[in-house]
Asks: 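Here it is: the structure, laid out below.
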Amino acid sequence: MYPYLNTVYMIILNLNYILNIVIALFLIGVLGLVLNRKNILITLMSIELMLLAINLNFVLFSIYLDDITGYVFVLFILTIAAAESAIGLAILTIYYRLKNTIRMDKIKNVKG
């Protein structure tokens, strides 16, 4: 009788499925951030996973609402995340060359 209702229900079903995946990715990133207190590389990867989950959420709702603003936010977030990763890894590389360790407990004691 109403064939378009079936496609609307399928879109909502797929939206819920993908949102559950986004929530799982974000929670894995939070879990990696909370449980890991020693390795700064895993901390950076957890932050990146959280940012990518947020980006997937923006893209998903941008497709669902047929709007372009989600894609614009994704471009800004990806640019900032790439710059953050590059600067963080450069600092870690220089610190490793000086101190031969990248453990978080050793980095906290650095002054001046």
Side-chain angles (χ1 to χ4, degrees):
M1 184 170 179
Y2 298 108
Y4 63 89
L5 284 179
N6 191 16
T7 57
V8 170
Y9 289 136
M10 290 302 292
I11 289 173
I12 292 173
L13 180 67
N14 289 337
L15 182 73
N16 288 335
Y17 178 71
I18 296 173
L19 278 177
N20 287 333
I21 293 172
V22 168
I23 291 169
L25 284 173
F26 189 81
L27 289 177
I28 289 170
V30 169
L31 196 65
L33 197 62
V34 169
L35 292 180
N36 177 35
R37 292 290 180 195
K38 295 189 180 196
N39 194 349
I40 196 160
L41 288 176
I42 295 177
T43 303
L44 283 174
M45 288 191 313
S46 297
I47 291 171
E48 290 296 323
L49 186 63
M50 290 167 53
L51 286 172
L52 289 176
I54 292 169
N55 283 339
L56 185 60
N57 197 10
F58 276 135
V59 167
L60 179 68
F61 278 108
S62 185
I63 290 170
Y64 181 71
L65 297 174
D66 197 23
D67 193 19
I68 199 166
T69 55
Y71 294 117
V72 173
F73 279 117
V74 166
L75 285 175
F76 285 134
I77 292 172
L78 283 177
T79 304
I80 292 170
E84 172 246 337
S85 293
I87 291 170
L89 289 175
I91 291 170
L92 279 177
T93 303
I94 292 171
Y95 185 79
Y96 180 76
R97 286 181 184 171
L98 290 175
K99 302 290 184 179
N100 290 331
T101 185
I102 55 170
R103 291 182 49 134
M104 291 280 277
D105 52 356
K106 303 289 184 185
I107 293 174
K108 289 180 184 177
N109 296 332
V110 174
K111 292 184 181 178

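Heads up: numbering here begins at 1 and tracks the sequence.
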Asks: Are Tyr64 and Tyr71 linked, directly or through intermediate hydrophobic residues, by side-chain heavy-atom contacts shorter than 4.5 Å (ILVMFWY only)?
Replies: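 No, Tyr71 does not connect to Tyr64 through the hydrophobic network.
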Asks: Could you measure the distance from the CD1 atom of Ile21 to the CG atom of Asn57? Nearest 0.5 Å is fine.
Replies: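 If we round to the nearest 0.5 Å, Ile21:CD1 and Asn57:CG are 12.5 Å apart.
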Asks: Consider only side-chain heavy atoms of I, L, V, M, F, W and Y, link residues closer than 4.5 Å, and tell whether Phe76 and Ile68 are in one cluster.
Replies: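 Looking at the clustering, Ile68 is in a separate group from Phe76.
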Asks: How many angstroms lie between NZ in Lys99 and CD1 in Ile94, if you round to the nearest 0.5 Å?
Replies: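 These two atoms lie 13.5 Å from each other.
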Asks: Which pair of non-hydrogen atoms, one from Val22 and one from Ala53, has the smallest distance, and what is that distance?
Replies: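 What the structure gives for the nearest pair is CG1-O, 3.4 Å.
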Asks: Counting heavy atoms not belonging to Leu98, are there more than 12 under 6.0 Å from its CG?
Replies: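 Yes, the 6.0 Å shell around CG holds more than 12 heavy atoms from other groups.
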Asks: Distance check, rounded to the nearest 0.5 Å: Asn39 atom CG versus Leu44 atom CG?
Replies: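 Rounded to the nearest 0.5 Å, the CG-CG separation comes to 9.0 Å.
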Asks: Nearest 0.5 Å, what's the CG-CD1 distance between Leu56 and Ile18?
Replies: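 Nearest 0.5 Å value for the CG-CD1 distance: 7.0 Å.
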Asks: If you look at every heavy atom in Glu84 and Ile47, which pair is closest and at what distance?
Replies: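 Shortest heavy-atom contact: OE2-CG2, 4.3 Å.
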Asks: Who pairs with Tyr96 by ring pair (Phe, Tyr, Trp, His ring centres under 6.0 Å), at least two apart in sequence or on another chain?
Replies: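 Result, ring pair (Phe, Tyr, Trp, His ring centres under 6.0 Å) vs Tyr96: none returned.
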Asks: With sequence neighbours excluded, tell me which residues meet side chain to side chain donor-acceptor pair (under 3.5 Å) with Glu48.
Replies: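 So Glu48 forms a side chain to side chain donor-acceptor pair (under 3.5 Å) with Ser85.
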Asks: Would you sort out whether Ile77 and Phe58 count as a side chain to side chain contact (heavy atoms under 4.5 Å, CB included), showing the intermediate values?
Replies: CA-CA 10 Å; Ile77 292 172; Phe58 276 135; 3.5 Å; yes
Asks: Look up atom CD1 in Ile54 and atom CG in Leu49, then write down how far apart they are to the nearest 0.5 Å.
Replies: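 Ile54 atom CD1 to Leu49 atom CG measures 10.0 Å (nearest 0.5 Å).
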Asks: If Ile, Leu, Val, Met, Phe, Trp and Tyr residues are connected whenever their side-chain heavy atoms lie under 4.5 Å apart, and connections chain through other members, are Leu60 and Met50 in the same group?
Replies: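 Each belongs to a different hydrophobic cluster.
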Asks: Only one of Leu31, Ile42, Leu41 forms a side chain to side chain contact (heavy atoms under 4.5 Å, CB included) with Asn36, so which one is it?
Replies: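 Exactly one pass, corresponding to Ile42.
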Asks: Output the distance between atom CG (Leu92) and atom CD1 (Ile40), rounded to the nearest 0.5 Å.
Replies: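 Here the rounded value is 5.0 Å.
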Asks: Could you tell me which non-hydrogen atom of Leu33 sits nearest to which non-hydrogen atom of Ser46, and how far apart they are?
Replies: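 Smallest interatomic distance, heavy atoms only, reads N-OG, 3.7 Å.
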Asks: Mind checking side chain to side chain contact (heavy atoms under 4.5 Å, CB included) for Leu78 and listing every partner two or more places apart, or none if nothing turns up?
Replies: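 Here the qualifying residues are Leu52, Asn55, Val74.
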